Amino acid sequence: MNSQEIFDAEKKYIVPTYARPPFVLTHGEGVYVFDAEGKKYLDCAAGIAVNALGYNDPMLVAAMQEAAQGLLHTSNLFYTEPQVQLAKALVEKSFADKVYFANTGTEAVEGALKFARKYHKERGDANRVNFVAFRGSFHGRTMGSLALTDSEKYQGPFRPLMPGASFANFNYLGSARKEITEETAAVIIEPVQGEGGVFPASEEFLRGLRELCDERGALLIFDEIQCGMGRTGKLWAHEWAGVKPDMMALAKPLAGGLPIGALLVTDAVSSSLHVGEHGTTFGGGPMITSVALKVLDRISDPKFLAHVQETGAYLMERLCEINSPHIKQVRGRGLMVGVELDIDAAQVTQKGYAHGLLLIKARERVVRFVPPLVIEKPHIDELVDKFGKILAEV
Ligand SMILES: *Cc1c(COP(=O)(O)O)cnc(C)c1O
């Protein structure tokens with residue numbers, strides 16, 4: 001099929017929930033992707049913070065080839081080694097004692113909501129069924145996770161959603177104090193908000209939230225689906241604040257581009273779950289988990305994380321040097337940076353394609369930079385030069 005035929009077939013055969021730019025991606029190499037006309041793009045999106053190791057990474061390709069020759073799928077009715085190996089590695093590298101595997105981020109969040117209710121029910125506290133999330137949050141689009149996603153556009157068409165969800169103001173402890181009650185099962189927060197516009201939670205805020213949850217008997221869930229796995233320059237974004245959650249949802253980059261979700265929990269949470277109470281057909285399959293184990297080994301290497309801190313700081317510094325009246329703020333942590341503009345960011349992402357930059361936005365006015373974590377300084381120079389030129393054109 002040529003590109004036009006693909007556009008036409010998409011219109012005819014795909015449910016119209018996505019808007020895509022008019023080119024067809026065919027392959028990638030390092031931090032670059034290529035379209036069907038042979039045009040090259042520097043990738044600032046990484047498939048929405050997924051492709052942490054970039055494209056055609058030799059280690060990742062070899063890991064997939066090796067895993068493909070073993071078992072692909074067995075269901076969770078049977079033992080396989082890769083699943084326990086990945087769980088062991090995740091536990092050893094985090095606050096957690098146990099892992100529940102899923103297939104997507106949304107599903108990991110949905111699991112966290114069910115586990116939180118079960119935790120309290122098991123303790124005879126069946127009234128604790130509500131959840132507190134934050135303004136600007138994104139936690140997914142199933143009925144439970146959507147109820148905790150602060151977006152009228154996403155929620156509106158699908159009400160009624162799960163009852164008992166409320167929102168406090170992000171980075172404002174006084175607001176959280178008002179929302180967390182004796183009926184709160186858990187509080188859920190992204191240590192760095194992604195879709196909501198790239199807002200890092202302050203260290204004091206996360207620490208205060210931990211204290212508040214302990215004081216009121218609510219569980220604390222960190223959604224690190226986007227900001228976790230090295231994205232901020234530490235393996236987990238919450239490490240910057242030195243606080244620990246009761247549960248943490250992971251997904252996007254965990255298997256280097258293959259679909260996976262994981263929910264990391266403490267023994268206290270895990271011990272409230274019993275056989276048959278939750279489950280999934282595909283979650284934690286042997287092929288995906290053996291690839292994810294290698295991705296985790298690579299990303300958790302202190303040298304890899306130091307690279308993210310260094311290139312992240314460089315990206316921030318270079319973006320701050322751009323002299324454009326359209327830039328209102330540059331913010332973020334590590335290789336998760338948002339540039340807030342005074343115009344619709346779609347104008348800039350669209351112009352990006354012509355300049356060979358794959359850009360994405362977060363909400364209306366923020367251009368979100370979440371490149372592959374293997375990006376190097378010369379790529380950042382190229383990115384910033386092009387981004388500066390685009391801003392001068394709009
Ligand atoms: C992407 C994302 C989700 C949803 O993950 P899916 O894999 O798309 O289901 C949830 N929370 C955050 C913070 C995300 O970035």
Side-chain angles (χ1 to χ4, degrees), residues 49 105-106 108-113 116-117 128-156 159 161-181 183-228 231-232 236-241 243-252 263 329 331-333 336 338 340 362-366 368:
T106 301
V109 168
E110 204 69 34
L113 305 183
R117 283 193 173 177
R128 283 199 184 261
V129 294
N130 297 345
F131 296 94
V132 176
F134 291 88
R135 293 281 163 219
S137 62
F138 184 89
H139 298 296
R141 298 179 186 250
T142 52
M143 287 300 178
S145 62
L146 180 59
L148 298 167
T149 289
D150 179 33
S151 163
E152 185 52 33
K153 185 170 142 198
Y154 297 161
Q155 287 193 346
R159 291 210 178 90
L161 307 170
M162 174 186 74
S166 67
F167 293 92
N169 293 334
F170 192 74
N171 271 340
Y172 181 37
L173 216 49
S175 170
R177 194 169 285 122
K178 281 200 199 109
E179 296 300 330
I180 304 171
T181 70
E183 294 181 356
T184 304
V187 174
I188 182 165
I189 186 166
E190 298 154 82
V192 184
Q193 285 189 338
E195 305 299 312
V198 190
F199 287 98
S202 75
E203 295 176 16
E204 310 80 73
F205 182 63
L206 288 182
R207 284 197 285 264
L209 215 48
R210 176 73 274 180
E211 279 169 27
L212 207 51
C213 285
D214 290 343
E215 190 185 299
R216 306 257 163 109
L219 294 174
L220 180 59
I221 304 165
F222 286 161
D223 179 344
E224 295 222 9
I225 290 165
Q226 189 160 156
C227 63
R231 176 57 58 188
T232 66
W236 316 120
H238 66 262
E239 286 177 65
W240 291 101
V243 289
K244 291 172 182 169
D246 300 292
M247 294 190 252
M248 174 168 71
L250 299 177
K252 288 186 165 91
L263 180 64
Q329 195 185 27
R331 58 176 178 257
R333 192 160 251 169
M336 184 169 179
E340 176 141 5
R363 297 278 156 118
E364 293 314 304
R365 301 196 156 191
V366 178
R368 172 172 32 159

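Atom set for the values below is all heavy atoms of this structure, side chains included, hydrogens, waters and symmetry mates excluded. Everything numeric in this text was worked out from a predicted model, so none of it was measured.
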Would you indicate whether the side-chain heavy atoms of R331 and E340 approach each other to under 4.5 Å? yes

Any chance you could lay out the side chain to side chain contact (heavy atoms under 4.5 Å, CB included) test for I225 and V109, step after step, and finish with the verdict? CA-CA 9 Å; I225 290 165; V109 168; 3.7 Å; yes

Value rounded to 0.5 Å, distance of CG in L209 from CD1 in I188: 11.5 Å

Could I get the full list of ring pair (Phe, Tyr, Trp, His ring centres under 6.0 Å) partners for Y154, not counting sequence neighbours? F138

Per the salt bridge (Lys or Arg N to Asp or Glu O under 4.0 Å) rule, what does the pair list look like for residues 162-173, sequence neighbours excluded? none

Keeping D150 on the side-chain end and G136 on the backbone end, is there a donor-acceptor pair under 3.5 Å? yes

Evaluation steps, side chain to side chain contact (heavy atoms under 4.5 Å, CB included), between L206 and F222: CA-CA 10 Å; L206 288 182; F222 286 161; 4.1 Å; yes

Under a 4.0 Å N-O cut-off, is there an ion pair linking E203 with R333? yes

Looking at Y172, I want to see if its OH is surrounded by more than 12 non-hydrogen atoms of other residues, nucleotides or ligands under 6.0 Å. no

Evaluate F199 against F134 for ring pair (Phe, Tyr, Trp, His ring centres under 6.0 Å), listing each step before the verdict. CA-CA 12 Å; F199 287 98; F134 291 88; over 10 Å; no

For the backbone of E183 and the side chain of R128, can you confirm whether one donor and one acceptor N or O come within less than 3.5 Å of each other? no

With the side chain counted from C-beta on, respond yes when L263 and M247 share a heavy-atom pair under 4.5 Å apart, and no when they do not. yes

Donor-acceptor pairs under 3.5 angstrom involving side-chain atoms of residues 212-220: please list them, not counting sequence neighbours.
| from | atom 1 | to | atom 2 | distance (Å) |
| --- | --- | --- | --- | --- |
| D214 | OD1 | R210 | NE | 3.3 |
| D214 | OD1 | R210 | NH2 | 2.8 |
| R216 | NH1 | R177 | O | 2.8 |
| R216 | NH1 | I180 | O | 2.9 |

Does the side chain of K252 reach to within under 4.5 Å of the side chain of R231, using non-hydrogen atoms? no

Identify the heavy atoms of A108 and A249 that sit nearest to each other, and give their distance. CB-CB, 4.0 Å

Any donor-acceptor pair under 3.5 Å linking the side chain of E224 with the backbone of M248? no

Who are the side chain to side chain donor-acceptor pair (under 3.5 Å) partners of E239, not counting sequence neighbours? none

To the closest 0.5 Å, what do you measure between NE2 (H238) and CG (D223)? 12.5 Å

Quick one: are S166 and V132 in side-chain contact, heavy atoms under 4.5 Å? yes

Contact between Q226 and E195 at the side-chain level, heavy atoms closer than 4.5 Å - yes or no? yes

For the side chain of R135 and the backbone of N169, is there at least one donor-acceptor N/O pair under 3.5 Å apart? no

Give a yes-or-no answer on whether the side chains of Q193 and R363 include a donor-acceptor pair shorter than 3.5 Å. no

Could you work out, with ring pair (Phe, Tyr, Trp, His ring centres under 6.0 Å) as the rule, every residue matching F131, not counting sequence neighbours? none

Please tabulate, one pair per line, all N/O donor-acceptor pairs under 3.5 Å involving side-chain atoms of residues 140-149, not counting sequence neighbours.
| from | atom 1 | to | atom 2 | distance (Å) |
| --- | --- | --- | --- | --- |
| T142 | OG1 | E110 | OE1 | 2.4 |
| T142 | OG1 | S145 | OG | 2.8 |
| S145 | OG | R141 | N | 3.2 |
| S145 | OG | T142 | N | 3.0 |
| S145 | OG | T142 | O | 3.4 |
| T149 | OG1 | H139 | N | 2.9 |
| T149 | OG1 | G140 | N | 3.3 |
| T149 | OG1 | G140 | O | 3.0 |
| T149 | OG1 | S145 | O | 3.1 |

Here the pair of heavy atoms bringing S137 nearest to F167 is OG-CE2, 3.6 Å

